[in-house]
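Everything below concerns the one structure shown next.
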Amino acid sequence: MNNLTVNKEQRFYGRRKGRKLSESSQIALKQGNLFYIIKLEDFFKNENNSISQSLFEIDHKKIILEIGFGGGDNLANSAINNPDICYIGADPFLNTNAKLIKILLKNDIKNIKIWPDDIRKIIPLFPSGSVSEIKILFPDPWPKSKHKNRRLVQEIFIDNLYKILVPNGKITLATDHSLMKSWILEIFQSHKGYLWQANTITDWQNRPADCFSTKYEQKSFAKENIPSWFIFEKT
Ligand SMILES: C[S@@+](CC[C@H](N)C(=O)[O-])C[C@H]1O[C@@H](n2cnc3c(N)ncnc32)[C@H](O)[C@@H]1O
């Protein structure tokens, strides 16, 4: 297990449950539980400390972690398009977990596992250098200054992500919120281990080729907000 910094103050402030789950969602959650849902003991299953071997049964070369997958638009499409990559998605919101599991069952997608809770609870269990890429698309902005500690992107958090990334691993973030744009840049640029991968304006104004459109990207277009896309590489 990694020796990571744990912030005991961290609490999850988002929603765990929305509208009452439909019968089909309840069935999907039950059906998906065994195969798709990550349990804590999965991290302690094998001796060689390989998360992909314990979670995916085969030791895949590449693991991509998506934090806050929401409706799963990016996660499911990425997994369909890249069957050789293992995807781990984390989101504590039960309703969207059910929505994603329905998509996975319908399309027989086998290269995704879901952590249905706060990602910060399992980051310390990942072996160092085990994740190739991390995506955080449209994290909740918590715009009021008095709520800034609720934002997911914090110094300690990105330092813990740094430890689980492979050398030259990258983190992709998207946001359409002007305050979050500055916040993300400020937090990442004050960490010495990350390099912002942007040379021209198009590098942060366009969705990267390896990301799919999500519900929150569509919402930003509807509001005529232009999303920014930030890629930081572990140096
Ligand atoms: C604004 S939504 C964006 C959803 C999706 N990425 C999209 O682009 O449509 C933010 C998501 O992050 C999830 N989230 C918030 N805090 C989280 C945490 N600590 N760990 C994992 N997911 C989290 C929320 O439940 C929510 O689904």
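Note that the structure is predicted; figures quoted are calculated from it, not measured. Position 1 is the first residue of the sequence, and the numbers go up from there. Both ligands and their constituent atoms are indexed starting at 1 by order of listing.
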Shortest reach to [atom] by a heavy atom, considering only [options]:
atom	options	result
atom 22 (N) of ligand 1	Pro92, Cys211, Pro139, Pro141	Pro92
atom 6 (N) of ligand 1	Leu137, Asn95, Asn74	Leu137
atom 1 (C) of ligand 1	Phe138, Phe93, Phe157, Trp115	Phe138

Of all the non-hydrogen atoms in the protein, which one sits nearest to [atom], and at what distance?
atom	value
atom 5 (C) of ligand 1	Gly68 O, 3.5 Å
atom 8 (O) of ligand 1	Thr214 OG1, 2.7 Å
atom 16 (N) of ligand 1	Phe12 CE1, 3.2 Å
atom 20 (N) of ligand 1	Ile119 N, 3.1 Å
atom 13 (C) of ligand 1	Asp91 OD2, 3.4 Å

Mark yes when over 12 heavy atoms from residues, nucleotides or ligands other than [X] sit less than 6.0 Å from its [atom1]; otherwise mark no.
X	atom1	answer
Lys215	NZ	no
Lys39	NZ	yes
Glu224	CD	no
Gln205	CD	yes
Lys30	NZ	no

Hey, does Thr96 sit under 4.0 Å from ligand 1 if you only count heavy atoms?
->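 For ligand 1, residue contact (heavy atoms, under 4.0 Å) with Thr96 is absent.
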
Going by heavy atoms, is Ala90 under 4.0 Å from ligand 1?
->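 Judged by the 4.0 Å heavy-atom criterion, Ala90 does count as contacting ligand 1.
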
Lys215 heavy atoms, cut-off 4.0 Å: which ligand 1 atoms fall inside?
->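 Selected atoms, number and element: 9 (O).
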
Numbering the atoms of ligand 1 from 1, which are under 4.0 Å from a heavy atom of Leu152?
->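 So the atoms of ligand 1 that pass are 19 (N).
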
Using 4.0 Å as the upper bound for N to carboxylate O, is an ion pair formed by Lys135 and Glu133?
-> yes

Could you tell me whether Lys170 and Asp210 have a side-chain N and a carboxylate O separated by less than 4.0 Å?
->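 The answer is yes: the pair qualifies as a salt bridge.
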
Aromatic ring proximity His191/Tyr194, centre distance under 6.0 Å = yes

Are any of the N/O atoms in [X] less than 3.5 Å from those in ligand 1?
X	result
Asp118	yes
Tyr216	yes
Glu217	no

In a table with atom names and distances, give each donor-acceptor pair under 3.5 Å that connects a side chain of residues 115-127 to protein atoms at least two apart or in another chain.
{"from": "Trp115", "atom 1": "NE1", "to": "Asp118", "atom 2": "O", "distance (Å)": "2.9"}
{"from": "Asp117", "atom 1": "OD1", "to": "Lys121", "atom 2": "NZ", "distance (Å)": "3.3"}
{"from": "Asp117", "atom 1": "OD2", "to": "Lys121", "atom 2": "NZ", "distance (Å)": "3.0"}
{"from": "Asp118", "atom 1": "OD1", "to": "Arg120", "atom 2": "N", "distance (Å)": "2.9"}
{"from": "Asp118", "atom 1": "OD1", "to": "Arg120", "atom 2": "NE", "distance (Å)": "3.0"}
{"from": "Asp118", "atom 1": "OD2", "to": "Arg120", "atom 2": "NE", "distance (Å)": "3.2"}
{"from": "Asp118", "atom 1": "OD2", "to": "Arg120", "atom 2": "NH2", "distance (Å)": "2.7"}
{"from": "Arg120", "atom 1": "NH2", "to": "Arg11", "atom 2": "O", "distance (Å)": "3.0"}

Which pair of non-hydrogen atoms, one from Leu137 and one from Trp229, has the smallest distance, and what is that distance?
->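 What the structure gives for the nearest pair is CD2-CZ3, 3.7 Å.
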
